[in-house]
Amino acid sequence: AGTLRNYKNQIQLTFAEGGEGGGEEPEPTPEPEEPVTVTIGEGNYSKAYYAPISNYGDAKYSYSQQIYLKEEIGKDNGTITSIAFHNVYGGPNERNIIVYMSNVEKSSYSNSEDYVNVTNADIVYQGYHTFGSAEEWTTIELQTPFVYTGKNIAITVNDLTGEAKSYSGYDQFYSTITTENRGIYGTSSSSIFDCSDLGSKFLYILKSGAYSTPANTPYVADVQLTIA
């Protein structure tokens with residue numbers, strides 16, 4: 001490198017080797033990854049009305065938690081900006097919900113009390129959301145994008161609406177039969193579920209009905225994750 005001095009004006013310029021002012025070009029800023037949509041599930045069980053929410057029968061309030069495996073997600077890390085569920089039947093029904101998401105090591109539940117504890121720090125969406133009509137994916141744009149770390153994910157949905165749809169117009173979701181217990185749910189006709197104190201509520205393993213085909217078999221609701 002060389003130096004040019006101008007003592008009259010007290011200016012000093014230093015040039016890198018290879019020409020005046022000709023230093024190395026700065027590294028270009030890498031382009032951000034394009035978001036991808038990951039669809040989890042095969043839709044091979046279509047009589048699911050307990051998760052992600054339930055307004056079936058006298059269910060005015062509901063709670064569900066479902067585990068999706070890192071092998072199904074297929075990403076080492078990323079930021080999830082939206083989730084979507086696939087309606088079979090019902091709606092459009094507007095529900096007042098809180099959605100929590102958690103990175104977890106757990107891949108299944110040993111029983112209905114083996115749920116993942118959540119806190120307000122895990123909330124990614126809170127407010128009203130309209131679940132769609134038949135054959136429609138309904139997308140929940142997360143108010144707080146979820147930082148995915150490459151583990152399994154637990155998605156918890158607490159429905160605070162206070163309105164049941166009886167046996168007509170209730171939401172039903174495409175789901176997928178699993179070999180392990182990967183879902184927990186509860187419904188109530190009288191009071192909301194307090195996620196900080198679930199011990200006072202009856203919870204159940206998410207399974208197909210006794211008269212379904214296959215019967216009494218665990219399942220999880222199909223989901224789409226948008227990951228950047």
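The model shown is predicted, which means the values in this text are computed figures rather than measured ones.
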Parallel, tilted or perpendicular: rings of Y148 and F146 (30°, 60°): tilted
So D194 and I192, do their side chains get closer than 4.5 Å, heavy atoms only? no
Hey, are the side chains of Y49 and V88 touching, using non-hydrogen atoms and a 4.5 Å cut-off? no
Shortest non-hydrogen contact from E163 toward R95: O-NH1, 2.8 Å
Keeping to residues at least two apart or across chains, list the side-chain hydrogen bond (donor to acceptor under 3.5 Å, both in side chains) pairs with something in residues 218-228. T39-Q224, S82-T226, T176-D222
Any side-chain heavy-atom pair of I80 and I227 under 4.5 Å: yes
Is D114 paired with K106 through a side-chain N to carboxylate O contact shorter than 4.0 Å? yes
Under a plain distance cut-off of 3.5 Å, with no hydrogens placed, do Y45 and T217 share a side-chain donor-acceptor pair? no
Below 4.5 Å, heavy atoms only, C-beta onward: do L225 and K75 meet side chain to side chain? no
Below 4.5 Å, heavy atoms only, C-beta onward: do I140 and I97 meet side chain to side chain? yes
State, with a plain yes or no, whether a side-chain heavy atom of Q66 is found less than 4.5 Å away from one of R182. no
For K151 and V104 the tightest heavy-atom approach is CB-O, 3.4 Å
Tell me yes or no: between the side chains of E180 and Y109, is some donor less than 3.5 Å from an acceptor? no
Test Y56 against every option in Y170, Y185, F173 by the ring pair (Phe, Tyr, Trp, His ring centres under 6.0 Å) rule and name the one that passes. Y170
Do L142 and M101 make a side-chain contact, defined as non-hydrogen atoms from C-beta onward lying under 4.5 Å apart? yes
Measure the shortest side-chain to side-chain distance between V116 and T156 over non-hydrogen atoms and say whether it is less than 4.5 angstrom. no
